[in-house]
Amino acid sequence: MDKFIVQKSCPLKGRVKVSGAKNSCLALMAASLLTDEPIELSNVPDLVDVRTMAQVLENTGVEIDRSGPGKLRLDSARAKGLKAPYDLVRKMRASCYVLGPMTARKGKAEVSLPGGCAIGQRPIDLHLKGLSMLGAEITTSGGYIYVRAERLHGARINLAGQHGSSVGATINVLMAATLARGVTVLEGAAAEPEIIDLARMLGAMGAKVEGAGTNTITVEGVTSLGGAAHTVIPDRIEAGTFAVAAAITGGNVVIADCSPEHVQSVTDLLENLGVIIEKGRKTLLVKADGQMPSFEISTQPYPGFPTDMQAQFCALATQAEGRSVIEENIFENRTLHVPELARFGADIAVSGRKIIVRGPTYLSSAPVMASDLRASAALVLAALVADGTSEIHRIYHLDRGYEHLEIKLARIGAKIMRVSA
Ligand code: UD1
């Protein structure tokens, strides 16, 4: 199993490029199931999750051609009724994105029940509620979900759950609704940039979608969709992670190929902490002196502060002056990085939904264990300011969602190395 060896590396300086958004790309790949014409994607990140989604799709007969760096051509002409097996779904919950499009186009889909994961229970009840309201018949047996429908029909569906809107349910039900008979109105829909990206590609395929990026999306179903060529939007969480890397190391970093408007909640907060942010059309300059006051944040659906940046800001809070309070409202158990940050010497504790961090603390190197994707990023950030040489184990979590993180960070001065055990 690979690990990172990281030495204190302050300040980071230079220019780093952001890759295509993992979360967008996974949805766009699943959308290829809606048509028998090819979908051509560009700016596709080279990530384990993307390869897992490719396996899920290939399993059902989708032909995937990696036609060049950052390019994928997906041809679903020969796709059959889908069975997404446990081995793939347990690796990546987004495998269940195939339920909506496959049911809409082929009338049936079978997907292993995803179960819980490190950051909480993560049910898919809202995905299933949406598909059922579109007329699908849903049964579960032997750990599998079976979805059947002759032809889906439009409906008014409220997708809001107890934690607010669901990104995954919005993606799944939106895709299904494009081929349903009649009009579907999704209320309480997620408004994340990844939903807008998906809606744009669906539009290019011939779907009639309005309101993506708001909490009400209207879809007028059509009988068939065509192919499209589409460029994946930049990864806003990767951009935000580089911004924190610059801030925590007192660095001066230009983050290129990003969408500054998608990380506004993150850059607004950093500006409030005294970090200099200069926005270009596709660039962000982040300049810091390593000193900052404590802060309070609360994770919310977009455009609020993203849960996927919570762990990275816990690392940053260890270097902020005073008591920071970081409230996690989306996933009940997203605190596994807390004991690991404490191993570096951080003064950090969980209290209900809140993570309390007192700083600034002197961090010293430690061997630590990554527990999930974003928690792993937080450990890398802490290791960049910890005295000595740290080891970060189980970085396969990072490889799911950060493209060549160690190579990109090394280019801006981080002393980080991958070691294969
Ligand atoms: C997506 C992102 C993930 C991000 C999350 C929140 C992908 C592949 N992953 O995950 O990186 O952290 O959005 O921005 O895009 N919920 C239910 N029932 C459901 C579905 C969700 O109760 O059927 C709950 C979840 O447990 C959670 C909340 O709703 O508490 C939000 O989850 P959701 O937006 O669905 O997250 P994902 O789509 O899984």
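Side-chain atoms are counted along with the backbone in the values below, which use heavy atoms only and exclude waters and symmetry mates. Counting convention: from 1, in listed order, for ligands and their atoms alike.
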Which value, rounded to the nearest 0.5 Å, describes the distance between Thr361 atom OG1 and Ile348 atom CD1? 9.0 Å

Salt bridge or not between Asp49 and Arg93? Use side-chain N to carboxylate O under 4.0 Å. no

Do NZ/NE/NH1/NH2 and the carboxylate oxygens of Arg73 and Glu40 come within less than 4.0 Å? yes

In ligand 1, which numbered atoms sit nearer than 4.0 Å to a non-hydrogen atom of [X]?
X      : value
Thr307 : 6 (C), 12 (O), 14 (O)
Tyr97  : 7 (C), 8 (C), 15 (O)
Ile330 : 27 (C), 28 (C), 30 (O), 31 (C)
Gly168 : 35 (O), 38 (O)
Arg334 : 12 (O)

Before giving the answer on side-chain contact (heavy atoms from CB on, under 4.5 Å), spell out for Lys71 and Val44 the whole-Å C-alpha distance, their side-chain angles and the decisive distance to 0.1 Å. CA-CA 6 Å; Lys71 302 230 184 258; Val44 173; over 6 Å; no

On a heavy-atom basis, the closest approach of Phe305 and Ser265 is CA-OG, 3.7 Å

Closest non-hydrogen atom pair between Val89 and Ser112, with its separation: CG1-O, 3.5 Å

Please indicate whether any nitrogen or oxygen in [X] is less than 3.5 Å from any nitrogen or oxygen in ligand 1.
X      : answer
Gly164 : no
Leu126 : yes
Asp125 : yes
Glu192 : no

Treating Asp197 as the side-chain partner and Ile233 as the backbone partner, does any N or O pair qualify as donor plus acceptor under 3.5 Å? yes

Among Val232, Leu41, Leu34, whose side chain to side chain contact (heavy atoms under 4.5 Å, CB included) with Met201 holds? Leu41

Quick one: do Glu238 and Ser19 satisfy side-chain contact (heavy atoms from CB on, under 4.5 Å)? Show the steps, please. CA-CA 8 Å; Glu238 190 193 7; Ser19 302; 3.6 Å; yes

Could a heavy atom of Ala169 be found less than 4.0 Å from some atom of ligand 1? no

Min heavy-atom dist His127 to ligand 1 below 4.0 Å: yes

Restricting to heavy atoms, the pick from Asn23, Ile237, Ile124 nearest atom 2 (C) of ligand 1 would be Asn23

I'd like the name of whichever of Thr299, Asp308, Leu159 reaches closest to atom 12 (O) of ligand 1 through any heavy atom. Asp308

